[in-house]
K.L.:
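The structure's right below; bear with me while I get my questions together.
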Protein chains: 2
Amino acid sequence: MPPRTHLPVNTESVDDYLKAILELSGPPGERATSNALAGHLGVRAASVTGMLQKLAAQKPSYVKYEKHHGVRLTPAGKMRALEVLRHHRLLERFLHDCLGYSWDEVHDDAERLEHFISERLEDRIAAKLGDPQTDPHGHPIPERNGALPARPEVLLSKWACGVKAVISSVSDRDPSALREMERLGLKPGVAITVEAGTRNATLLVRIGERTEPLRLSQRLAAGISVIAANRRSRQHRKIDY
Amino acid sequence: MPPRTHLPVNTESVDDYLKAILELSGPPGERATSNALAGHLGVRAASVTGMLQKLAAQKPSYVKYEKHHGVRLTPAGKMRALEVLRHHRLLERFLHDCLGYSWDEVHDDAERLEHFISERLEDRIAAKLGDPQTDPHGHPIPERNGALPARPEVLLSKWACGVKAVISSVSDRDPSALREMERLGLKPGVAITVEAGTRNATLLVRIGERTEPLRLSQRLAAGISVIAANRRSRQHRKIDY
DNA sequence: CGACAAATTTAGCCATGCCTAAAAGTATAT
DNA sequence: ATATACTTTTAGGCATGGCTAAATTTGTCG
Ligand SMILES: [Mn+2]
Ligand SMILES: [Mn+2]
Ligand SMILES: [Mn+2]
Ligand SMILES: [Mn+2]
């Protein structure tokens, strides 16, 4: 019996770093900073530096790292990050649709389990769900080959006043914010219009077909992304919430 | 933001050791040896010694360890081991019943995922399945409180010739053996009778209502446990395969 | 330019959990 | 009772991935 071959498999930590780099480097080609990664991952900046050096050094390198100037993913690193992101979002959709989780409950379990999903399980979950396009928060699920439809979504706070928009996705990091959104009917697919009257980063909005405007706290508003009303209905016809 | 509180949570390794000790210490009170644990876990005996010392030393101790004389679980350790075993068997039942896994495919994924199942997920899976009593191989699933029905099952090789028995469970460690059993109709709940004619640990058996006896290789026979025909039908009426 | 603040990296540690090789204990068989 | 075989423990390492504290670099402002 062979002892234990410690093969160079991706660790949970490595996967979390790759996913964080994907999420923090905005437009393709941009770099993520050590500090931003540290904040996102809940570790110290010194730990980030150590990991980035390790990732940049290994044979098929996952990242391009320039000392003092941030890091970005190589194609191989991006592929791996998208694989983990696919696990995460498929799991959220699965926990929500098949196991009765509410949308504020799915994130934490998905964050842990995403690292331990075999190819077989990934495929069975996707098949069971009918190859879903988005997770419960409206985020697109990367395809098996890594394809990820780029949507022209912007933060609600950047949207022009008086122009009708549709909520495309909401941030899944704050459960209590999600519960409040649920209560207010703020979910992907719902129409929303920003009224004049911004005060201290709070927004006055009209939701769906309602007539009375509502004032959204900055915390809530900051978690909402939107796209133009007409484009969305064309691109995402298959989605139903 | 606090750095990272490395709390004394159960690690994957610790859970695997506890589960292995539970499985390898036969009747209550018996001890598991370092060598047996090493073989079961796929690590070296020296590593086992190190872990046993750590487990025996920590504050609410999980094991009673006597140098050179093996180890057994404390009540706390047994509770934790049963919790992990419950995760494992619930997962096997879930993968099999809800995601279309065959019974030879469930073990490996369950072995990995068992360590990352939250209480919430455990409960949702159990509810979705209607609180199943056994996994797909016939092994009983511990209840949430740790209760595990003791069944008087014995290895088929120990069963008396000519006395009708019912298969209670089969070993889940060898996928190819499971596929062969499937082909032969050897699964929990099926009647089986051992005929005279043991040769080199192979057994001559009659399966179900069939008339032609069949010779089982030692490999297959060693993975089958049985109970008396009448007892089982009373105790396990709810099970359907 | 030069000073300062913020970001980043280096240096040195620590815990976990595995390994090999060597030492020590246990059990059995003459 | 002792030699021998087998099991178990000790000793010394290594890899991963955190941490703190102390440099060092970068970028901005006067
Ligand atoms: Mn994660
Ligand atoms: Mn999400
Ligand atoms: Mn395991
Ligand atoms: Mn099983």
K.L.:
Is there a donor-acceptor contact under 3.5 Å linking the side chains of A:Arg215 and A:Thr202?
P.N.:
yes
K.L.:
Nearest of C:dG17, C:dT10, D:dT8 to any side-chain atom of B:Ser34?
P.N.:
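Closest nucleotide among those given: D:dT8.
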K.L.:
When you get a sec, tell me which of C:dT16, D:dG17, D:dA11 is the closest nucleotide to the side chain of B:Thr11?
P.N.:
C:dT16
K.L.:
Is the shortest side-chain N to carboxylate O distance from B:Lys19 to B:Glu83 below 4.0 Å?
P.N.:
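No, this pair does not count.
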K.L.:
Please pick, from D:dT20, D:dT9, D:dT7, the nucleotide with the shortest atom-to-atom distance to any side-chain atom of B:Asn35.
P.N.:
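Out of D:dT20, D:dT9, D:dT7, the nucleotide with an atom closest to B:Asn35's side chain is D:dT7.
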K.L.:
Do the numbers put B:Arg80 on top of the ring of B:Tyr62, so that NZ or CZ is under 6.0 Å from the six-membered ring centre and no more than 45° off the axis?
P.N.:
no
K.L.:
Can a side chain N or O of A:Tyr65 be found less than 4.0 Å away from OP1 or OP2 on C:dT9?
P.N.:
yes
K.L.:
Roughly, in whole Å, what's the span from NE2 in B:His68 to C1' in C:dT26?
P.N.:
8 Å
K.L.:
Quick check on C:dT16: is either OP1 or OP2 less than 4.0 Å from any side-chain nitrogen or oxygen of B:Ser13?
P.N.:
no
K.L.:
Give the nucleotide from the list C:dT26, C:dT9, D:dT10 with an atom nearest to the side chain of A:Ala45.
P.N.:
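Looking only at heavy atoms from C-beta outward on A:Ala45, the closest nucleotide is C:dT9.
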K.L.:
Separation of B:Glu66 atom CD from C:dT26 atom C1', in whole Å?
P.N.:
15 Å
K.L.:
Would you tell me if any nitrogen or oxygen in the side chain of A:Arg44 comes within less than 4.0 Å of OP1 or OP2 on D:dT20?
P.N.:
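Answer is yes, contact under 4.0 Å.
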K.L.:
Answer with yes or no whether the side chains of B:His137 and B:His107 bring together a donor and an acceptor at under 3.5 Å.
P.N.:
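On atom types as modelled, these side chains do not qualify, holding no pair under 3.5 Å.
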K.L.:
Please work out if A:Thr49 contacts a base, only the sugar-phosphate, or nothing of the nucleic acid, heavy-atom cut-off 4.0 Å.
P.N.:
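Since a base atom lies under 4.0 Å of A:Thr49, the category is base.
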K.L.:
Between C:dT26, C:dT16, C:dC18, which nucleotide has the shortest distance from any of its atoms to the side chain of B:His69?
P.N.:
C:dT26
K.L.:
Under 4.0 Å between a side-chain N/O of A:Lys67 and OP1 or OP2 of C:dT8, yes or no?
P.N.:
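No, outside the criterion.
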K.L.:
So B:Ser47, base contact, sugar-phosphate only, or nothing? Heavy-atom distance under 4.0 Å.
P.N.:
base
K.L.:
May I have the distance from A:Glu12 (atom CD) to C:dT16 (atom P), rounded to whole angstrom?
P.N.:
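Atom CD in A:Glu12 sits about 17 Å away from atom P in C:dT16.
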K.L.:
Given atom CG of B:Leu55 and atom C1' of C:dC18, what is their separation to the nearest angstrom?
P.N.:
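Nearest whole value for this atom pair: 15 Å.
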